[in-house]
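The structure under discussion appears below in the form of structure tokens.
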Amino acid sequence: MNLQNITQQYLDIFPGDLSGSLQQRQTPNVLYSTVKPVGFARPKLILFNEELSQQTGLGKFDDEDLPFLAATDLPANVRTYATAYAGHQFGNWAGQLGDGRAIYAGEIKDENGRTTELQWKGAGATPYSRSADGRAVLRSSLREYLMSEAMWYLGVPTTRSLSIVLTGEQVIRDMMYDGNPQPEPGAVVIRTAESFLRFGHFELLSAQKDIALLTELTDFAIANYFTEIRTEGSLKYRDFFATVCRKTAALMSEWFRVGFVHGVMNTDNMSLLGLTIDYGPFSMLDSYDLNFTPNTTDLPGRRYAFGKQAQISQWNLWQLANALFPLIEDADFLEKTLNEYSDHFWQQHDCMMASKFGFENLTEKDDEFFTEWQKLMTDLQLDYTLFFTELEKWDESAGIKDFFEKVSYSVTTDESLINLNDFLISYIERRNLNNITIAESRMLMAKSNPKFILRNYLLFECIEEVKRGEKNMLNKLLHALQNPYQEIYPEFSVKRPLGYDDVSGCSMLSCSS
């Protein structure tokens, strides 16, 4: 790989703590601390993303690159560091947080001048690890690698994964926070993004009242990642905030489209660029449930439930607005922009839902139609993804019972079949209002509705196989997730088996996942 082309602009531009100390501490008025990865003596490659490596400008992998993937024996040009940020966690101000188990290698430019940041997750402790060890386990690393790639191929803005390496260590983790810690295989994943800047980076500087550094960071973000903004002065910062709001609304709509539940939408887990970042206790929806949260830590309040994600993202944007207020100094503008966020999200959401149903355009009565559909999905415990798979190919000559049994987690009753039939009749009537053919409607549905989603039980099965040294399911999942709008493996396009309902890691997970 072209490791000599990796640079570290943060270290050259911004103030940092250059001591190299790993003592966990407050680091006021700096954006990063230099750190040294712990290094691993017996790394073993599990996955390498050749396509992504070529796209970023890193180029082709060979065996001599394995130490870099394991954050071990690094070339002299790779100066490693961790960034400081703050955040609100579960609605409460947490103060300084920072990269607790992420260490940056820097960034690399491709032949078109596009920059990609590289960071290891699990390569050791940093000053921001908060009494943790900075390690990661194979379970969480494989979940992040596969899910971030799955989201990429679904067309959802996301970070991506370059590699997973086993470290040769055993790492102790209490997976469900129930007082039952167990040793697990250690791993390091390299993840990539145009930028990993978070709301929390700006919150930290604002809370410290370091307005000069806040201004410098915001100017840097605009110049590098928001090049469409050409205004100056306070107007530049207004346009910046409004753009972040639009990107965030678009991301939330995409999460709703594919049925993704993040599980821990703290402000330090919110990307400035509108990317899905920090894959932890996430899940794809099985049964449609607006109240579903995959995160045991989020119980009983369900702050980060599927149906609340747009609302929470708006709350998080309020916190970013507070952080940027010293630059914008216009409370009326910020309030107006945040109030418009809701309208902007719902407009995108409704257009997205129309596409999922194969509707050419929205009509005045579609809001009522979507509400009726939500009630049906909830009452009959219908699988979100499979419902649209069956709806796309359903016609009035097909049987209702077969449709129901393929998509419902509830018991078949005469009443449930009648309710489903009544809805399908209303759906056909609504679809007939299109000015496009049924075939064109189905093509629209096919582009909007994945046939394959990476369900947690599939990840669980895959992780267990990889722990045994097997890769058959891993290879099949990689093939399936790279082609999510095709049904390549029919055995994956089924409801979650009942036997996995109460298995840890298949429905509910903890933040350590």
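If you're wondering where the values come from, they're calculated on a predicted model, not measured in any experiment.
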Ring pair (Phe, Tyr, Trp, His ring centres under 6.0 Å) partners of residues 119-162, not counting sequence neighbours, each pair once: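 Matches after skipping sequence neighbours: Phe68-Trp120.
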Sequence neighbours excluded - ring pair (Phe, Tyr, Trp, His ring centres under 6.0 Å) pairs with any residue from residues 2-58: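 Counting only pairs at least two positions apart or across chains, the ring pair (Phe, Tyr, Trp, His ring centres under 6.0 Å) contacts touching residues 2-58 are Tyr10-Phe14, Tyr10-Phe220, Phe14-Phe220, Tyr32-Tyr81, Phe48-Phe61.
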Main-chain N/O of Ser163 paired with Ser161 side-chain donor or acceptor, under 3.5 Å: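 Pair absent, no side-chain N/O of Ser161 close to backbone of Ser163.
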Where Val494 and Glu491 come nearest, the two heavy atoms and their spacing: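 It is CG2-O, 3.3 Å.
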Tyr288 and Tyr384: CA distance, side-chain angles, deciding distance, ring-ring contact (aromatic ring centres under 6.0 Å, His included) verdict: CA-CA 5 Å; Tyr288 183 84; Tyr384 184 52; 5.6 Å; yes
Parallel, tilted or perpendicular, as decided by the 30° and 60° cut-offs, for the rings of Phe452 and Phe492: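 Taking Phe452 first and then Phe492, their aromatic rings sit tilted (interplane angle of 30° to 60°).
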Ring geometry between Trp255 and His262 (parallel below 30°, tilted from 30 to 60°, perpendicular above 60°):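 Judged by the thresholds at 30° and 60°, the geometry between His262 and Trp255 is parallel.
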For Thr7, the option from Lys109, Glu107, Arg79 that meets side chain to side chain donor-acceptor pair (under 3.5 Å):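 Single pass found, and it is Glu107.
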Test applied, side chain to side chain donor-acceptor pair (under 3.5 Å); reference residue, Tyr489; option that passes from His479, Lys476, Lys451: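 Among the candidates, only His479 passes.
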Lys/Arg cation over aromatic Phe282: Arg143, 6.0 Å, 45° cone: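 Yes, cation above the ring, under 6.0 Å and within 45°.
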Glu203 versus Thr267, side-chain donor and acceptor atoms under 3.5 Å: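 Yes.
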Under 3.5 Å side-chain donor-acceptor pair for Asn49 and Glu149: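 The answer is yes; a qualifying pair exists.
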